[in-house]
There are 2 protein chains.
Amino acid sequence: MYRIGELASQCDIKADTLRFYEKHGLLAPSSRSESGYRLYTKEDAARLRFILRAKTVGFTLNEISELLSIELDKANWACADVKGMVDNKLEQVESKIIELTQFANSLQSLSNACCGGPDSAEHCSILEALESEDKQLNAKNEIAHKGHHHASK
Amino acid sequence: MYRIGELASQCDIKADTLRFYEKHGLLAPSSRSESGYRLYTKEDAARLRFILRAKTVGFTLNEISELLSIELDKANWACADVKGMVDNKLEQVESKIIELTQFANSLQSLSNACCGGPDSAEHCSILEALESEDKQLNAKNEIAHKGHHHASK
DNA sequence: CTTGACCTTAGATTAAACTCTAAGGTTTAT
DNA sequence: ATAAACCTTAGAGTTTAATCTAAGGTCAAG
């Protein structure tokens, strides 16, 4: 059982942020002490790490709470509904991975093009890298769109 | 050459957002028409797509402009500086990819655990998936930390 | 037995990233 | 030639996600 300050410092956030998440339905402590202190379990901590990870990869708190609501409502949902919702989110995550990978490729090719020496970087342009990335992107999209429809948003 | 509204609707954003990006040094049109209209080139559009992609994968506008400043200043930087900065960002991108992949694994295992039928989802818990994900995560970190130092932040 | 580091609440303030409003100039379509 | 649909600026308003403030209760160490 962690108290609010312990959990906060463990996860490198403020206690305020935990109270904020609680107020907005993302994470409530499993119990309270006699004196009313919030008491977080290991499971609460796992849930928090999930929230923080989701945030760093670009999900909004609303999207995250949508995801977590699957857990809260599980008794009231049919398994098929849950699966649908999860698969939907999974598609979003996978398209983010694709974008990030393209992003990484773009940076990698810039880094590769760069001599790394003491001379001016006149000929190391991120835009040059971007342009080649866009060409790659278009090529990949053509392949991707052959196989399956991508109905995000 | 695109005018502001054309580029905006092409990229599914508001013209306001383009003016905002200009004011904050992220993207200025390459030229103006006689009457003062912003005129964006294909390269400007590529830069915009880069910005938007970076945003969807969780970079802040500040981080993005730091990235793009490499391009603007390239004549004043040594190639080694550019390479260092790019490699630094690349590390951030790669750790985001790792986090997203873990995220995707977690969702995938939830989806797999789910019978997908009309029964209650009582036993399909995202937390169950998260817990196994955390175990995986710890195992992976141990492996990852053997090979190389990870100095993010 | 009190000082300092915790905890509580509710509500105000901040920062980032838009988004809109006002007041007006320009261009294209009929 | 005039209305609709653009464009301009400057600045105000909104949303999201915290972060801080005020006013006070609790606890462990000296």
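Note on naming: letters A, B, ... go to the chains in the order of the sequence lines (proteins, then strands), and numbering restarts at 1 for each one.
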Could you tell me how far apart [X] ([atom1]) and [N] ([atom2]) are, to the nearest whole angstrom?
X	N	atom1	atom2	result
A/Lys55	C/dA16	NZ	C1'	12 Å
A/Phe59	D/dA17	CZ	C1'	17 Å
A/Phe20	C/dT13	CZ	P	18 Å
B/Glu22	C/dC18	CD	C1'	16 Å
B/Leu61	C/dT19	CG	P	11 Å
B/Arg19	C/dA17	CZ	C1'	16 Å
A/Tyr2	C/dC7	OH	P	15 Å
A/Leu7	C/dC7	CG	C1'	15 Å

Exercise. Quick one: on DNA chain D, does B/Ile4 or B/Lys23 contact a more 5' nucleotide (nearest heavy atom)?
Worked result: B/Ile4

Exercise. What string of B, S and - do you get for nucleotides 21-30 of chain C 5' to 3' if you count protein non-hydrogen atoms under 4.0 Å?
Worked result: ----BBS---

Problem set entry | Residues in side-chain hydrogen bond (donor to acceptor under 3.5 Å, both in side chains) contact with A/Glu94, at least two apart in sequence or another chain | none

Exercise. Does the distance from a Lys or Arg side-chain N to an Asp or Glu carboxylate O, for A/Asp16 and A/Arg19, drop under 4.0 Å?
Worked result: yes

Problem set entry | Residues B/Arg32, B/Glu22: salt bridge by 4.0 Å N-O rule |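 Looking at B/Glu22 together with B/Arg32, the answer is yes, because their closest N to O distance falls below 4.0 Å.
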
Exercise. If you check every side-chain atom of A/Arg32, which of C/dA16, C/dT19, C/dT8 has the closest atom?
Worked result: C/dT8

Problem set entry | Pair A/Gln108-A/Asn112, side-chain donor/acceptor within less than 3.5 Å | yes

Exercise. Cut-off 3.5 Å, side chains only: do A/Glu99 and B/Thr56 have a donor facing an acceptor?
Worked result: yes

Exercise. Between atom CG of B/Asn88 and atom CD of B/Glu66, what is the distance when rounded to the nearest 0.5 Å?
Worked result: 8.0 Å

For this session: Establish, with yes or no, whether the OP1 or OP2 oxygen of C/dC7 is under 4.0 angstrom from a side-chain nitrogen or oxygen of A/Arg38.
Result: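 Result: no.
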
